[in-house]
**Q** 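The structure under discussion is supplied below as structure tokens; questions concerning it will follow.
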Amino acid sequence: MKLKISSLVALASISLLCGCLSSPRVLTQGGASMVEPHIPKANDAKQVVGVQLAGHLPSEGMNMEQNYSIGGNVSYRYHIDPSLPFFVSAAVGGFYGEAEFACQEDCDSRLVKTAWSALEDKSMDYFSFQQRLRAGVEFGKGVVLGGLALGVQFNENFGDWEDARQNLVEVNAVRGNEDSWGVNFHWNVFLGFRLGSYGTIMLEDGMIYAFELDADDKIDMFLHTLYVTYVHPTGFFGGVAKGEDGLSLSVGKTFAF
């Protein structure tokens with residue numbers, strides 16, 4: 001489903017009447033942080049492989065409403081020496097879903113509200129793929145652990161929702177990446193609490209620096225995803241994440257060797 005040219009022209013023609021249309025951002029779906037929580041390593045393990053399923057719940061994101069999505073990812077983490085905190089990691093994932101455009105910024109212009117109402121409640125599908133490369137450190141062998149990782153995240157996006165988003169960007173109705181793919185800097189900080197035989201609770205903030213957005217609005221280019229994850233001693237884990245693209249749940253299993 002592609003937006004009609006007449007609708008796009010109408011959006012562009014009134015975009016200067018109110019900040020509601022001059023400032024909204026609409027990212028590619030894959031531009032948000034991949035839902036891949038940090039799982040603590042086993043004491044003597046050099047390698048950790050994680051397999052995860054994740055799904056978005058109906059929720060609001062950045063000027064959009066996520067109807068649903070389902071997908072997963074596979075990650076690999078390598079510790080050069082288990083006695084040292086350093087590691088490198090890679091992950092690949094993909095998901096399919098449906099979403100709607102929804103301007104969530106206050107605006108008193110009736111024309112702008114009318115223009116957005118033509119887009120709202122139109123559910124469109126999308127496909128997104130993500131890849132991530134990082135290097136980081138994990139400290140702590142007692143009750144408390146913590147660390148951080150830095151790297152890059154790539155994404156490729158397809159489907160009717162993505163076609164419509166690109167059309168909106170082309171007529172300056174919204175801000176975002178002009179292409180269906182992107183690469184962003186990514187880093188995350190994490191803090192965990194080991195509960196003995198009951199497992200581990202992890203708190204994490206994953207951050208994307210989306211540098212393809214408007215350079216005049218740099219403070220809004222840092223996009224956060226907050227994670228709360230429970231890790232069972234057997235390696236099974238599950239959690240919830242809240243990011244720019246809404247709320248998601250995930251379950252998975254790690255294998256250490």
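Starting from 1, each residue takes its place in the sequence as its number.
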**Q** For the residue pair Asp245 and Leu27, establish whether any side-chain heavy-atom pair is separated by less than 4.5 Å.
**A** no

**Q** Using ring centroids (six-membered ring only for Trp), state whether Tyr68 and His56 fall under 6.0 Å.
**A** no

**Q** Quick check: does any side chain N or O of Asp160 sit under 3.5 Å from a backbone N or O of Ala164, one acting as donor and the other as acceptor?
**A** no

**Q** Do the non-hydrogen side-chain atoms of Phe193 and Val144 ever get within less than 4.5 Å of each other?
**A** yes

**Q** Can Asp205 and Asn188 be said to form a side-chain contact (heavy atoms from CB on, under 4.5 Å), step by step?
**A** CA-CA 6 Å; Asp205 182 8; Asn188 65 312; over 6 Å; no

**Q** Do Asn177 and Thr28 meet the criterion of a side-chain donor-acceptor pair at a distance under 3.5 Å?
**A** no

**Q** Shared ILVMFWY cluster between Ile201 and Tyr198, side chains joined below 4.5 angstrom?
**A** yes

**Q** Which atoms form the tightest heavy-atom contact between Ala54 and Ser250, and what is the distance?
**A** CB-CB, 4.0 Å

**Q** What closest approach, in Å, do Lys41 and Leu84 show between heavy atoms, and which atom pair accounts for it?
**A** CE-O, 4.5 Å

**Q** Are the side chains of Tyr227 and Ser33 in touch, meaning some heavy atoms are under 4.5 Å apart?
**A** yes

**Q** Does Met202 reach the side chain of Pro37, with side-chain heavy atoms less than 4.5 Å apart?
**A** no

**Q** If you take the centroid of each ring, where Trp contributes its six-membered ring, are Phe127 and Phe158 closer together than 6.0 Å?
**A** no

**Q** If two hydrophobic side chains count as joined below 4.5 Å and joins carry through other members, does Val92 share a cluster with Ile208?
**A** no

**Q** Rounded to the nearest 0.5 Å, how far does NZ of Lys141 lie from CZ of Arg194?
**A** 9.5 Å

**Q** Using a 3.5 Å distance criterion without hydrogens, assess whether the side chain of Thr234 forms a donor-acceptor pair with backbone atoms of His232.
**A** no

**Q** Please check this pair: side chain of Arg77 against backbone of Ile39, looking for a donor-acceptor N/O pair closer than 3.5 Å.
**A** yes

**Q** Do the side chain of Asp179 and the main chain of Trp181 share a donor and acceptor less than 3.5 angstrom apart?
**A** no

**Q** Would you check if the side chain of Glu156 reaches a backbone N or O of Gly30 as a donor-acceptor pair within less than 3.5 Å?
**A** no

**Q** Please test Ser180 against Glu162 for side-chain hydrogen bond (donor to acceptor under 3.5 Å, both in side chains), starting from the C-alpha separation and ending with a verdict.
**A** CA-CA 7 Å; Ser180 62; Glu162 177 60 21; 5.2 Å; no

**Q** When hydrophobic residues are tied together by side-chain contacts of less than 4.5 Å, even through go-betweens, does Val137 share a cluster with Ile80?
**A** no

**Q** If you apply the rule side-chain hydrogen bond (donor to acceptor under 3.5 Å, both in side chains), what do you find for Ser123 with Glu100, and how did you get there?
**A** CA-CA 5 Å; Ser123 182; Glu100 304 172 12; 4.8 Å; no

**Q** With no hydrogens and no angle check, just 3.5 Å: does a side-chain donor-acceptor pair link Ser59 and Gln66?
**A** no

**Q** To the nearest 0.5 angstrom, please state how far the CD atom of Glu65 sits from the CZ atom of Phe101.
**A** 12.0 Å

**Q** Supply the atom-to-atom distance Gln166 CD to Trp161 CH2, rounded to the nearest 0.5 angstrom.
**A** 10.5 Å

**Q** Report yes if the side chains of Ile70 and Leu53 come closer than 4.5 Å at any heavy-atom pair, otherwise no.
**A** no

**Q** Using side-chain contact (heavy atoms from CB on, under 4.5 Å), reason through Met64 and Gln29 one step at a time and then give a plain yes or no.
**A** CA-CA 10 Å; Met64 51 80 68; Gln29 293 290 343; 3.2 Å; yes

**Q** Could you tell me the separation between the CE atom of Met207 and the CG atom of Asn184, rounded to the nearest 0.5 Å?
**A** 14.0 Å

**Q** Return yes if some donor-acceptor pair links the side-chain N/O of Gln153 with the main-chain N/O of Ala32 below 3.5 Å, else return no.
**A** yes

**Q** Between Arg132 and Glu36, is the closest basic N to carboxylate O distance under 4.0 Å?
**A** yes

**Q** Should Asp125 and Tyr96 count as side-chain neighbours, where that means a heavy-atom distance under 4.5 Å?
**A** yes

**Q** Are more than 12 heavy atoms, taken from residues, nucleotides or ligands other than Phe257, located less than 6.0 Å from that residue's CZ atom?
**A** yes

**Q** Apply the test side-chain contact (heavy atoms from CB on, under 4.5 Å) to residues Phe237 and Thr254: give CA-CA distance (whole Å), side-chain angles for both, the deciding distance (0.1 Å), then the verdict.
**A** CA-CA 8 Å; Phe237 64 90; Thr254 60; 3.7 Å; yes

**Q** Show the numbers, then the answer: is there a ring pair (Phe, Tyr, Trp, His ring centres under 6.0 Å) between Phe87 and His38?
**A** CA-CA 12 Å; Phe87 66 84; His38 181 87; 5.5 Å; yes

**Q** Are any non-hydrogen side-chain atoms of Ser75 and Gln52 less than 4.5 angstrom apart?
**A** no

**Q** Is a side-chain donor or acceptor of Asn73 paired with a backbone partner of Val35 at a separation under 3.5 angstrom?
**A** yes

**Q** Pair Tyr126, Asn157 - check side-chain contact (heavy atoms from CB on, under 4.5 Å), show working.
**A** CA-CA 7 Å; Tyr126 62 86; Asn157 308 273; over 6 Å; no

**Q** Does some side-chain heavy atom of Phe185 sit less than 4.5 Å from a side-chain heavy atom of Val152?
**A** yes

**Q** Quick check on the 6.0 Å ring-centre criterion: do Phe154 and His186 meet it?
**A** no

**Q** Can Phe95 be reached from Val26 by stepping across I, L, V, M, F, W or Y side chains whose heavy atoms are under 4.5 Å apart?
**A** yes

**Q** Is the Trp187-Tyr209 ring centre distance short of 6.0 angstrom?
**A** no

**Q** Is the Tyr78 ring parallel, tilted or perpendicular to the Tyr76 ring (thresholds 30°, 60°)?
**A** parallel

**Q** Minimum heavy-atom separation for Thr225 to Gly243, with atom names?
**A** OG1-CA, 3.8 Å

**Q** Give a yes or no on whether Leu247 and Leu226 share a hydrophobic cluster (residues Ile, Leu, Val, Met, Phe, Trp, Tyr; joining criterion: side-chain heavy atoms under 4.5 Å apart).
**A** no

